[in-house]
Amino acid sequence: MQLPDRIESVARLSAPLAASLGLELWGVEILGASRPLVRVYVDAPNLPEQRDESAENGREDAGPETPGVTIEQCAELSRLLGLSLDVEDMFASGWTLEVSSPGLERPFFRLEQLRAYLGREIEVVLSAPLAAWPGRKKFHGVLSRTTDNAFTLDLPLAPVARRAADEPASADIPWSAVRKAVLVHIFPEPGAKKGGNTKRHGTSGSNLPHGGVA
């Protein structure tokens, strides 16, 4: 089974199990070959009234990260999904399962996930340079626009010595060209008023090898 097919199969198993625990599947990664690491990200449904309450209370992280995923939910999903993966037997050798929330600097797996983060800083790595940006595969900027198949990053002004005279102030990036995209979390300055944080949760069972002898 090819890697995209395995990712799709794990997602197919994970989504209903996550839903049964009141969670939403955010994305799936499979890393490594001899003993793959299956990493499953889940998020809690975001209720508008909870976002509004967080904003009124001065939470600096108020927004799509609220509310969080509990350790108990991750542990139970890890147990259920581990059993399902054992039954499916899609890995020829041992494998390791990790279940967690996406965290403050969450990875993005689908273009539609970006739409809730307009105005936030995003870091992007491309599979290959774009024609408009020869030789460049990494971008860091503010997400200003999304369409059905692309998005726009407003780029910070680099010092004159390092900035080409004709360098555009923004980059239009097709989602099909993206290898990796993550949210950049801006932590408060020391001494500034602190808001609540969304924690990245793992579970003791989530890092244990499955489907083989450790």
Side-chain angles (χ1 to χ4, degrees), residues 1-51 53-54 59 61-117 120 122 175 178-183 185 196-214:
M1 185 182 293
Q2 297 297 315
L3 181 59
D5 296 329
R6 286 183 173 177
I7 290 176
E8 179 61 31
S9 294
V10 173
R12 173 178 53 81
L13 293 172
S14 302
L17 294 175
S20 71
L21 298 172
L23 303 174
E24 296 175 347
L25 177 66
W26 182 259
V28 174
E29 293 177 333
I30 299 179
L31 308 174
S34 59
R35 184 182 290 275
L37 169 61
V38 182
R39 184 173 290 156
V40 176
Y41 296 97
V42 289
D43 209 3
N46 194 14
L47 304 179
E49 60 270 21
Q50 290 177 293
R51 287 204 305 271
E53 181 181 351
S54 295
R59 287 270 303 268
D61 67 335
E65 294 90 348
T66 306
V69 179
T70 69
I71 294 174
E72 291 75 16
Q73 287 173 314
C74 285
E76 181 63 8
L77 179 56
S78 179
R79 184 186 70 82
L80 295 173
L81 182 56
L83 293 173
S84 296
L85 291 176
D86 276 335
V87 171
E88 291 289 325
D89 196 26
M90 68 180 68
F91 299 101
S93 59
W95 45 275
T96 299
L97 174 63
E98 179 181 297
V99 176
S100 72
S101 71
L104 291 174
E105 297 193 334
R106 58 182 55 208
F108 296 102
F109 295 89
R110 300 180 304 279
L111 177 58
E112 55 265 28
Q113 291 175 332
L114 290 175
R115 292 177 184 136
Y117 295 88
R120 300 287 297 274
I122 306 291
W175 182 254
V178 173
R179 180 166 66 87
K180 180 180 180 181
V182 298
L183 180 68
H185 180 69
N197 290 323
T198 297
K199 296 181 180 178
R200 179 184 179 91
H201 301 288
T203 71
S204 58
S206 67
N207 293 318
L208 296 177
H210 291 261
V213 179

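These numbers were taken from a predicted model, which means no experiment stands behind them.
From Leu85, atom CG reaches atom OG of Ser78 across 9.5 Å, with rounding to the nearest 0.5 Å. Expressed to the nearest 0.5 Å, how far CG of Leu21 lies from CD of Glu72 amounts to 11.5 Å. How far CZ of Arg12 is from CG of Asp5: 11.0 Å, rounded to the nearest 0.5 Å. In this structure, the separation between CG on Asp89 and OG on Ser84 is 13.0 Å, given to the nearest 0.5 Å. Considering CD1 of Ile30 and OG of Ser9, their distance stands at 8.0 Å, rounded to 0.5 Å. For the atom pair CE (Met90) and CG (Leu13), the distance works out to 5.0 Å, reported to the nearest 0.5 Å.
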**Asked** Between Ser100 and Tyr41, does a side chain to side chain contact (heavy atoms under 4.5 Å, CB included) hold up when you go through it step by step?
**Response** CA-CA 5 Å; Ser100 72; Tyr41 296 97; 3.7 Å; yes

**Request:** Just do the side chain to side chain contact (heavy atoms under 4.5 Å, CB included) check on Ile7 and Phe109 with the steps written out, would you?
**Result:** CA-CA 11 Å; Ile7 290 176; Phe109 295 89; over 6 Å; no

**Asked** Hey, mind stepping through Val182 and Lys180 against side chain to side chain contact (heavy atoms under 4.5 Å, CB included) and telling me if it holds?
**Response** CA-CA 7 Å; Val182 298; Lys180 180 180 180 181; 3.8 Å; yes

**Request:** Could you please spell out the steps behind the side chain to side chain contact (heavy atoms under 4.5 Å, CB included) verdict for Asp43 and Leu23?
**Result:** CA-CA 6 Å; Asp43 209 3; Leu23 303 174; over 6 Å; no

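Listed here is the closest heavy atom pair of Ala18 and Val42: CB-CG1, 4.1 Å. Nearest heavy-atom pair, Ser101 versus Cys74, reported as atom, atom and distance to 0.1 Å: N-SG, 4.4 Å. Shortest non-hydrogen contact noted between Pro36 and Gly94 is CD-O, 3.3 Å. Contact record, Ser14 with Leu81: OG-CD2, 3.3 Å, taken as the closest heavy-atom pair. Looking at every heavy atom in both residues, Pro102 comes nearest to Pro107 through O-CD, 3.9 Å.
When Val69, Leu25, Val99 are each tested for a side-chain contact (heavy atoms from CB on, under 4.5 Å) with Leu77, only one passes: Val99.
The aromatic rings of Tyr117 and Phe108 stand perpendicular to each other, their planes meeting at an angle above 60°, with 30° marking the opposite boundary.
Gln113 places a side-chain N or O within donor-acceptor distance of the main-chain N or O of Trp26, the cut-off being under 3.5 Å.
Residues Phe91 and Asp86 have side chains not in contact (no heavy-atom distance under 4.5 Å, counting atoms from C-beta outward).
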